[in-house]
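Each residue takes its place number in the sequence, starting with 1. Below, all heavy atoms of this structure are taken into account, side chains as well, without hydrogens, waters or symmetry copies.
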Amino acid sequence: MSLLENAREMAGDLARLRQDLHTEPELGLHLPRTQDKVLAALDGLPLEITTGDALSSVTAVLRGGRPGPAVLLRGDMDALPVTERTGVPYSSRFPERMHACGHDLHTTMLAGAARLLADRRQDLAGDVIFMFQPGEEGWEGAKVMIDEGVLDAAGERPIAAYGLHVLSTVLPGGLFTSRGGPMLAAADALTVTVRGKGGHGSTPHLSVDPIPAACQMVTALQTLVTREFDVFDPVVVTVGAFHAGTAGNIIPDQAVLELTVRTFSDTNRAKIQKRIIELLMDTGAAYGLTVDAAFGRGYPVTVNDPEESAFAGDVVGDLLGADRYLIAPRPITGSEDFSYVLEEVPGAFIALGACPPHLDPATAPFNHSAEAMFDDAVLPDGAAIYAGLAERRLAMAE
């Protein structure tokens, strides 16, 4: 029986696991319920299993029947602080917690891949590391797992690493996509405090008003992007929050801006951070204000190895058909901490459309929405692709 046929035989089990995970989502680095469910799903398989110290991770190593290198497969496990509004029977039991990004599907598909590969262990020309990771949603869980040794779990660094991520919109259900080079953006946060001198609205000349300066900064940031950066190496600067004042007749002491900055190259990442700080300081000085600005460095650019990305496309085409894979025409502006793995190991991050058939991918709620929905029908194919990537990449290395 083929890998895909075996995976589709497990469809019911996979759907039950995914819905069980969906019902009890957990946040951050510590996911005890999720960890227990993953360990139960792996129980009885010939795996070397370790759990994390600083987080509720699960690392499982499958030793192949023949000597060879290692390949890493990663699935993230954490949810989001969102109150679910999908109305599905297996909705989250907890307010302000929801698997709104589809990590429950990733976890399930990776557990399915472990079962598929365990059945083929004697034919594997090397080892497989299964990386069940908490804390992707802003907690740098991948980095914590790397610090705790996940990349060395099989005894040597893997020769390749692969991650899958489902999308609730944009892509039709069952369609895979990836690309060589930048796949997702780096995302950095910036908090800006513009400090002036408060006073009464009737005598503004006796104050130093931070609001006009902060408004000038917002518009100048957009001009900075359009005039100093190549449109073919994009930079996105968004001012998502502007806090100032308490009443219409009071000039406040300060205004606070909160920004997100997204880039697709290390060069532009460094350049935009330098230029933003210069612009803010110069604008503040022109208005007679002081400015405090501190970048919070987020996830790096997720960069796919071109050869590994092309290989992933071949695996999808061979297992599912050429019509199931699309070379992504451009990167995605979201960010991912799988980027830390790809800084250490060549590999590919692959998106999978999981929009339910009753919704239009062009208008369906996006990942992170309280109404985001994902189709369990993609679970067997995702598990088969995870397993196929590992099996075939090890065979290539013989």
Side-chain angles (χ1 to χ4, degrees), residues 72 74 76 131 133 135-147 150-152 157-165 177-192 217 220-240 257-282 293-313 327-351:
L72 182 143
R74 178 268 210 165
D76 41 5
M131 177 181 177
Q133 179 212 310
E136 190 281 324
E137 298 290 354
W139 295 85
E140 296 194 324
K143 191 172 187 299
V144 178
M145 288 191 72
I146 290 170
D147 290 343
V150 67
L151 297 182
D152 302 306
R157 286 285 170 108
I159 58 170
Y162 306 101
L164 290 180
H165 201 300
T177 187
S178 191
R179 68 192 305 274
M183 181 65 182
L184 290 100
D188 300 301
L190 176 65
T191 300
V192 183
M217 291 172 184
L221 286 168
Q222 303 310 312
T223 303
L224 172 68
V225 169
T226 61
R227 292 298 177 267
E228 294 195 25
F229 291 88
D230 187 341
V231 295
F232 296 104
D233 187 2
V235 173
V236 179
V237 177
T238 300
V239 180
L257 309 177
E258 296 179 28
L259 294 73
T260 181
V261 180
R262 294 176 184 263
T263 50
F264 292 93
S265 70
D266 291 339
T267 299
N268 271 0
R269 190 183 192 192
K271 179 181 176 181
I272 189 64
Q273 292 190 15
K274 178 176 181 291
R275 289 294 292 122
I276 283 177
I277 297 299
E278 291 173 347
L279 183 152
L280 296 173
M281 296 303 172
D282 290 348
F295 266 100
R297 199 163 174 83
Y299 296 159
V301 183
T302 302
V303 182
N304 285 342
D305 180 89
E307 292 184 2
E308 296 297 345
S309 177
F311 166 72
I327 297 175
R330 62 186 66 87
I332 298 169
T333 49
S335 63
E336 242 291 340
D337 76 345
F338 192 63
S339 54
Y340 291 118
V341 175
L342 294 180
E343 286 186 330
E344 302 287 336
V345 178
F349 192 69
I350 306 144

Exercise: do T260 and D188 side chains pair donor with acceptor under 3.5 Å | no
Separation between CZ (F229) and CG (L224), nearest 0.5 Å, reads 5.5 Å
Value for OG1 (T238) from CG (L221), rounded to nearest 0.5 Å, stands at 10.5 Å
- Measure the shortest side-chain to side-chain distance between V237 and L259 over non-hydrogen atoms and say whether it is less than 4.5 angstrom. yes
Pair E308, Y162: side-chain N/O donor-acceptor within cut-off below 3.5 Å: yes
Output for pair (R262 CZ, N268 CG), nearest 0.5 Å, gives 15.5 Å
Exercise. In terms of side-chain geometry, is the basic nitrogen of K143 or D337 positioned less than 4.0 Å from the acidic oxygen of its partner?
Worked result: no
One should read off an interatomic distance between E228 CD and R275 CZ, to the nearest 0.5 angstrom, of 4.0 Å
CD1 of I146 to CG of L151, rounded to nearest 0.5 Å, is 5.0 Å
Between the OG1 atom in T302 and the CZ atom in F349, the distance rounded to the nearest 0.5 Å is 6.5 Å
Taking every heavy atom of R269 against every heavy atom of A186, the minimum-distance pair comes out as NE-CB, 3.7 Å
Short question: side chain of N304, backbone of M183 - any donor-acceptor pair under 3.5 Å?
-> no
pair V303-E343: side-chain heavy atoms closer than 4.5 Å | no
Exercise for the section: Indicate yes or no: does E336 engage R74 in a salt bridge with an N to O separation below 4.0 Å. Expected result: yes
| message | Under the criterion side chain to side chain contact (heavy atoms under 4.5 Å, CB included), I'd like the reasoning laid out for T177 against I327: C-alpha separation, chi angles, the key distance, then a yes or no. | response | CA-CA 6 Å; T177 187; I327 297 175; 6.0 Å; no
